[in-house]
Each structure stands twice: as structure tokens, then as C-alpha cells.
Number of protein chains: 2
Amino acid sequence: MERHLSTSTAGTRKKRGEGHTRRDEILLAAKKLFLREGYEATTIRRIADVVGVSAPALYLYFKDKEAIMLALCDETFGNLVENMSKLEKTKLPPLERLRRCGEAYVRFGLDNPQEYWLTFLSGNTPKKVKEAKELSRTPESIDPNEPGAASAMAFAKLMGMFRDIEKAGMPLYFPVDTAAELVWMGLHGLVAALINNPEFPWTKRDILIAGMIDMAVRGVVRLP
Amino acid sequence: MERHLSTSTAGTRKKRGEGHTRRDEILLAAKKLFLREGYEATTIRRIADVVGVSAPALYLYFKDKEAIMLALCDETFGNLVENMSKLEKTKLPPLERLRRCGEAYVRFGLDNPQEYWLTFLSGNTPKKVKEAKELSRTPESIDPNEPGAASAMAFAKLMGMFRDIEKAGMPLYFPVDTAAELVWMGLHGLVAALINNPEFPWTKRDILIAGMIDMAVRGVVRLP
DNA sequence: TTTGATAAGTTATCGACGTTAAGTTACAAG
DNA sequence: CTTGTAACTTAACGTCGATAACTTATCAAA
């Protein structure tokens with residue numbers, strides 16, 4: 001039973017009130033395993049082994065395995081939300097903002113395939129079904145501390161960009177909600193396809209990304 | 001330990017040379033469980049219980065659990081291939097053929113969400129990676145008896161429609177391969193989104209299907 | 001008609017999984 | 001110095017996919 005952590009407190013019992021540091025250690029170990037060896041290899045027992053505690057100890061800090069994974073993904077999706085927030089604040093034309101936002105979204109998905117798969121592609125756990133109802137809300141109305149919040153915010157921000165476009169008076173072929181859903185689905189399909197079939201002889205990635213954005217924009221907004 | 005099959009031969013030992021009928025019984029039971037209770041509930045033991053044999057008996061007919069699931073999905077995807085073959089033979093304008101083919105593809109995915117998820121959305125097993133290299137071939141070059149063949153053929157047929165379109169001399173915004181990939185990714189994204197988030201307050205399905213096809217066609221082929 | 005190869009099963013078991021129950025240890029406040 | 005309790009542990013449960021080793025039924029040949 002090897003111990004893999006090199007931090008000074010690993011394997012030692014935490015002092016009273018220091019439990020949250022153990023929580024962070026668990027997330028760190030889970031992330032390491034998850035990125036290196038994927039979802040299936042990231043078991044409760046292996047995480048616990050890396051941290052240097054027994055398996056049931058993880059249940060002091062997380063309700064179940066899914067909660068660990070959700071927390072992991074939220075952490076990562078937080079970066080995407082950050083990037084999109086920056087883009088939101090720029091004074092670029094709304095269409096250009098959308099294009100960059102779309103590109104940021106796709107590149108984020110491809111850079112974090114495991115987390116993307118887990119949040120958007122893995123099966124429907126009961127938890128996820130419950131969570132789905134929150135996705136329709138505006139970014140501001142989402143409690144950022146609830147599990148799954150970050151991905152919901154990323155999605156909501158992308159949706160919001162389309163409302164901006166309509167406010168800017170650009171003529172669309174569809175109602176704004178439908179347009180937003182269709183474009184997001186296109187981007188999502190690109191990410192999903194490349195993640196789940198990375199060995200497939202696709203066209204070069206950069207061309208597909210630019211191409212999907214072109215196709216989606218041309219297909220949705222009436223250009224001069 | 002209840003026995004659930006009502007066919008006369010259920011639970012009784014097969015005569016020599018009749019093993020293939022047991023194989024069919026296993027697939028039937030697996031399909032029943034899979035459709036009613038999803039992937040996780042479809043365990044080797046539960047399938048065996050429905051068939052009326054012991055669990056290890058399934059390994060006489062299938063290499064592992066994944067082989068059962070793949071055979072199931074291939075059976076279902078065969079129907080899609082059939083539909084698409086019919087559309088291929090019609091003398092409609094190539095663009096209209098593509099539209100109908102796209103709609104058939106999406107509706108198939110939504111009508112068979114479990115099978116679609118398992119073939120296109122579930123994680124990358126080693127088997128799938130190996131299988132991916134066959135997807136680039138033409139429909140005729142695929143051995144229809146290999147596992148995973150049906151989904152590969154469905155995909156290849158959709159790709160082929162784009163070659164027809166180019167042969168018909170329609171101007172595209174992209175090279176034909178790229179165009180085919182982009183449109184398929186759009187359709188795929190639509191199916192994936194609706195399957196994995198069925199509770200989400202999306203626009204009405206029919207509108208999304210027609211809309212995605214409109215968006216994709218308008219985004220890819222230069223219309224008069 | 002008996003025999004024997006073998007198809008078609010069985011039971012027993014393995015190691016791994018997520019998770020829970022119940023017991024233990026160390027620390028900090030009174 | 002006691003005592004409550006946070007922070008653990010060990011043991012175990014039920015489930016999973018899968019394998020090994022054994023049994024039973026069938027059919028063809030001797």
C-alpha cells in the first residue's frame with residue numbers, strides 16, 4: 001500500500017477543524033487519476049490510496065463518488081466561465097463576440113475531454129435529471145456553490161450571447177432561443193464527435209472548428 | 001429465481017447444433033432489459049435470469065458483455081441503414097435526398113436513444129478505438145458481419161450523400177469531406193443533446209430537427 | 001449397443017467495485 | 001482530568017464481470 005502524496009500532511013491525521021484541507025487533497029488526487037487514466041480507473045479506493053487514507057474516509061467529505069466527480073468538473077468549467085466572462089465584457093461587435101465565444105467553448109471541450117464527457121456526454125444519472133431544470137435560468141440566478149453550477153453557467157452565457165445579438169438588431173432565420181440552441185448543438189456535436197472518436201480520420205481540427213462556426217453563423221443569421 | 005421467458009424452449013437445454021437459438025434468446029432478453037431499464041440495469045446475471053440459464057452460459061455465445069451490447073445495437077442500426085438505402089435509391093434531387101436522410105438519421109437516434117448512446121456517446125473502450133479506423137471506408141467495403149458494422153454503414157451512407165451532391169455540381173463552402181463532417185456533427189449534436197438532457201426546456205423537437213437541417217444546409221451549400 | 005468425443009450447460013470462485021456500520025484515536029474545551 | 005466529537009480505521013455487505021473446473025446430454029462411429 002504505497003503512499004503517493006509528497007505534501008507534508010499526507011497520510012497523517014488532520015487536526016480538528018482542518019478537514020477541509022483533506023477535502024482539497026482528495027480533489028487533487030482524483031483529478032490526477034482522472035486526467036491520467038480516465039473515469040473508469042478513478043475508483044474510490046485508488047483515490048484514497050493516493051491521498052493516503054482509507055476508502056471510507058472519502059465519505060466524510062463527499063456524499064458519493066459522483067459528488068467528487070462533479071466537484072472536479074465544476075472546478076474545470078470555472079475556467080471556461082472565466083474566459084467567457086472576459087469575452088462578454090469586450091466591446092467587439094456582437095457577432096464577433098459570439099464567434100470567439102464559440103471557439104473558446106469548443107477549444108475548452110477539446111482541452112478537457114474527460115470533464116466535458118462527464119458533464120455533457122455521460123449517461124443520465126438521477127442527479128443530472130434534477131439538475132437539468134436549472135439550465136434554463138439566467139447566469140445570475142444560478143447558485144455558484146451548487147454542484148454542476150459551472151457547466152450550467154457556461155451554457156447560459158453562450159445562450160446569453162444570442163440575446164445580445166438579437167438586441168443588436170441582427171435578423172435571424174429563427175427565434176432567438178431556437179437559434180441559440182441550434183448553434184450550441186452544432187458546437188456540442190463537434191466536441192462530442194472529436195472526443196468520442198479521436199482516432200477517426202477527421203478533417204484537421206482547426207478547420208473543423210472554424211468551419212462549424214462559419215456554418216452555424218451563416219445558417220442562423222442573415223448576412224448582408 | 002423466476003423464469004421469465006414464455007417460449008417453449010426456454011430454460012431447457014438445447015439440442016446439439018441448436019446453440020444459435022439460445023444466442024437469439026440472449027439478445028432478445030438483453031434488448032428487453034436494455035430498453036426497459038437502461039444500460040446499468042442490464043447485467044450479465046439479469047440477462048441470464050430472464051433467459052433462464054446461468055450467468056456463465058452467456059459466455060458460450062458472446063466474448064463479453066460489450067459484445068452482447070454491440071450485437072444489440074447493430075441489430076437496431078440495421079433498420080436505419082435500411083431506411084437510408086431506400087432514400088438512396090429514390091430519384092429525388094440530391095439536396096432533398098440529403099434533407100430526408102438527415103431527418104431519418106435524427107429521428108432514428110431519438111427513437112432509439114439507448115442504442116444511439118451506446119454506439120456514439122458512451123466512452124472509448126479499446127474495442128471502439130480499433131473499430132474507428134473502419135469508419136472512413138465506403139459502405140461497400142465494410143464487412144456487415146463484424147460488430148459495429150451497422151453504425152459504420154449508416155455513417156458512411158450519410159457521408160456518401162455529400163459525394164453525390166458534389167457530383168451533382170452544387171457549389172459548397174467547404175471541401176466535400178469537411179462539409180459532410182460538419183453537417184453530421186450538427187445532426188449528431190442535436191441527437192446527443194436531446195438524449196442526454198431530455199428534461200431540458202428545449203424548443204419543440206420537430207422545430208429543432210427542421211431547423212438543424214436548414215441551418216446545416218444553408219451553412220454548407222451555396223443556395224441560389 | 002456400447003462408447004466416446006463434444007456441445008451445452010452447471011457450480012464455485014475470484015478480484016474489484018461503491019457503500020455502510022461500527023469501532024477507534026486524538027485533540028480541544030470545560 | 002474528563003468528555004465530547006472530529007477524523008479517522010477495519011470489517012463487511014451486496015453487486016459486478018469474468019474464469020476455472022466440473023457435469024450432463026446428445027449423436028455418430030465402432
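Keep in mind the model is a prediction, meaning the values are calculated, not measured. Each chain gets a letter, A, B and so on, in the order its sequence line appears, and its residues count up from 1.
Checking T42(A) against A57(B), the closest nucleotide of DNA chain C that is more toward the 5' end is the one next to A57(B).
Rounding to whole angstrom units, CG of residue D49(B) and P of dC16(D) are separated by 11 Å. Atom CD of E37(B) is separated from atom P of dC16(D) by 12 Å (rounded to the nearest Å). dT24(D) atom C1' lies 13 Å from atom NZ of K15(B), rounded to whole Å. In this entry the distance linking NZ of K65(A) with C1' of dC16(D) reads 13 Å, nearest Å. For the pair L60(B) CG and dT23(D) C1', the computed distance is 13 Å after rounding to whole Å. Atom CE in M69(B) sits about 13 Å away from atom C1' in dC16(D), given to the nearest Å. Straight-line distance from the OH atom of Y59(B) to the C1' atom of dA18(D): 5 Å, rounded to whole Å. The distance from atom CD1 of I44(A) to atom C1' of dT10(D) is 17 Å, rounded to the nearest whole Å.
For the salt bridge (charged side-chain N to carboxylate O under 4.0 Å, His left out) test, no residue two or more places apart in sequence or in another chain qualifies with K89(A).
Between the side chains of T203(A) and T178(B), at least one donor N or O lies within less than 3.5 Å of an accepting N or O. Residues Y105(A) and W184(A) have side chains that bring a donor and an acceptor to within less than 3.5 angstrom of each other.
T43(B) comes within 4.0 angstrom of sugar-phosphate atoms only, judged by non-hydrogen atoms across all strands, and of no base. F62(A) comes within 4.0 angstrom of no nucleic acid atom, judged by non-hydrogen atoms across all strands.
Residue side chain R13(A) reaches the base of dA7(D) through a donor-acceptor N/O pair under 3.5 Å, judged by distance alone. Within 3.5 Å, no donor on the side chain of R45(B) pairs with an acceptor on the base of dT15(D), nor the reverse.
Among pairs with a residue in residues 67-82 of chain B, those fulfilling salt bridge (Lys or Arg N to Asp or Glu O under 4.0 Å) read K31(B)-E75(B), at least two apart in sequence or across chains.
Using a 4.5 Å heavy-atom threshold, the side chains of R97(B) and L87(B) count as separate.
Checking the phosphate oxygens (OP1, OP2) of dG9(C), no side-chain nitrogen or oxygen of S54(B) falls inside 4.0 Å.
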